[in-house]
Novice: 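So that we are looking at the same thing, I have put the structure below in C-alpha cells.
No hydrogens, no waters, no symmetry mates; every other heavy atom, side chains included, goes into these values. Everything numeric here is computed off the predicted structure, so don't read it as measured data. The residues of the chain are indexed from 1 along the displayed sequence.
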Amino acid sequence: MSAYARPASLDEALELLAADGAVPFGGGTDLAGQVDRGIREPLTLVDLRDVGLATVELDGDGLRIGAAVTLAELAASPLLEPYAAVPAAASLAASPLLRNVGTVGGNLCQHTRCWYYRGEEWHCWLGGGDTCYAQIGDHRKHGLEPGDCISAHPSDLAPALAACGALVDVRSAGGSRELELLDLYRRPTAENRSLLTLEPGELAAAVRLPAPPDASAYRRLGERAAFSFPLVSVAAARRGEETTLVAAGVANVPRRLDPSDPLAELPGNPQSAWKRRALATLVERALADVSPGS
C-alpha cells in the first residue's frame, strides 16, 4: 500500500519526490495501470494538483504550460490556437473521460504501451529481463528501428510540442534545468533501460513554448478515431522556409524527421514495415497542411 501526500507548494512536492520510492501523481491514468501490472511499486504518491502547475500562461512571446494541466484543458485553451498542432494532438489523445483527468506531464512521460512490457506473464528486456518478446512474437504495432527493444512511443503531445519548439522545465529539490523536449527522451541501454532522461527526484514541471510558428499541424493514424493510442503520428511546424517534422509510434522515442527523406534510418521490422507507408502518407499530408497558402 502506497502512502499519499498532497503538498501545498512545488518546493514541498520536490522535497517529497527526493525520497526513495516517491513518484509524482497527476491524473494517474498511466500510473494506475503500471501499479496494477506490477511495473511500479511506489512507496509514496505525491499529488501535484495544488502546487501551481495547472495553468496555461503567457510567457513573453510564448506560453508556459504546467505539467498538471489536463489534456481537455489544453485542447480547449484559446491561448493554444496559434499552435494548432498542440490542441489538435490533445483533443485526439485517449478518450474524453481520460482527457478530463490525464495531464500534460503524464502524457509526455507515460510508459510504452507494448503489450509484452505491460503483460504480467512476461518479463521483457525493457522491464529488466533478457528478451524483447516483441521481436520473436507479434510486433505489428511496434517500432521501425532495430534494437534491444522495439517498442513504440505512444504520446500524442510529444511530437506536436516538439515540432513547435517546446522546452521542458525540469525541477528537483537540488535545482532546475531546461531541455529541448526531444531531449527528455533516450534510447534504452543495458545499463539504463529508462526511456526518459529524468534523474531520480526530478520532475518535468512545465513545458515552455516559444513564439508561435507560421503554421503547424498534427496527423495521426489509429485503429479508430478515438479511444486509441496513435499507431503512427506526425507533427509539422513551419517558420518561414524551415519546416520541422517529428513523428511518434515509429521508435522507442519521438523522432525528428528530415523533411527531404523522412523514412531514413527507419527500415521497419518484419511485421511493422507497413508503418513506413503510413508514415510517408502522414508526412505528405502534414507538409501540405503547413505549406504557404494552405
Novice: Which label fits Phe25 and Tyr4: parallel for a plane angle under 30°, tilted from 30 to 60°, or perpendicular past 60°?
Specialist: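 Rings of Phe25 and Tyr4: perpendicular, over 60°.
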Novice: Report yes or no: do Leu257 and Leu263 belong to one cluster of Ile/Leu/Val/Met/Phe/Trp/Tyr joined by side chain heavy-atom distances under 4.5 Å?
Specialist: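 Cluster IDs for Leu257 and Leu263 match.
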Novice: Please say whether more than 12 non-hydrogen atoms of neighbouring residues, nucleotides or ligands are located less than 6.0 Å from CZ in Arg285.
Specialist: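 12 or below, so no.
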Novice: Any chain of hydrophobic side-chain contacts (each under 4.5 Å) joining Leu161 to Leu167?
Specialist: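 Shared cluster, no.
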Novice: Would you say Arg113 and Lys141 make side-chain contact, with heavy atoms under 4.5 Å?
Specialist: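 Not in contact.
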Novice: Is the closest side-chain heavy-atom distance between His139 and Pro270 below 4.5 Å?
Specialist: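 Sidechains of Pro270 and His139: in contact.
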Novice: According to a 4.5 Å side-chain heavy-atom criterion applied to Ile, Leu, Val, Met, Phe, Trp and Tyr, with indirect links allowed, do Leu126 and Tyr116 form part of one hydrophobic cluster?
Specialist: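 Leu126 does not cluster with Tyr116.
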Novice: I want to check something: taking the side chain as every heavy atom from C-beta on, are Leu287 and Leu245 in contact at a cut-off of under 4.5 Å?
Specialist: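 Counting from C-beta outward, Leu287 and Leu245 do come under 4.5 Å.
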Novice: I'd like to know if Asp169 pairs up with Arg208 as an ion pair, taking the criterion as any Lys NZ or Arg NE/NH1/NH2 lying under 4.0 Å from an Asp or Glu carboxylate oxygen.
Specialist: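 Salt bridge between Asp169 and Arg208, a charged N being under 4.0 Å from a carboxylate O: no.
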Novice: Given 3.5 Å as the limit, does a donor-acceptor pair link the side chain of Thr44 with the main chain of Ala3, or not?
Specialist: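 Between the backbone of Ala3 and the side chain of Thr44 there is no qualifying donor-acceptor contact (under 3.5 Å).
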Novice: Under a 3.5 Å distance rule, please check whether Ser176 uses its side chain to pair with a backbone N or O of Arg171 as donor and acceptor.
Specialist: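 No, because the side chain of Ser176 does not come within donor-acceptor range (under 3.5 Å) of the backbone of Arg171.
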Novice: Could you check whether any side-chain heavy atom of Tyr185 comes within less than 4.5 Å of a side-chain heavy atom of Leu196, counting everything from C-beta outward?
Specialist: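 They are in side-chain contact.
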Novice: Salt bridge check, Arg118 against Asp30: does any charged N sit closer than 4.0 Å to a carboxylate O?
Specialist: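 Yes.
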Novice: Using side-chain heavy atoms (C-beta onward) and a distance below 4.5 Å, is Leu221 in contact with Thr281?
Specialist: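 No, side chains not in contact.
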Novice: Within the 4.5 Å heavy-atom criterion, are Leu74 and Leu157 side-chain neighbours or not?
Specialist: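 In short, these two side chains touch, coming nearer than 4.5 Å.
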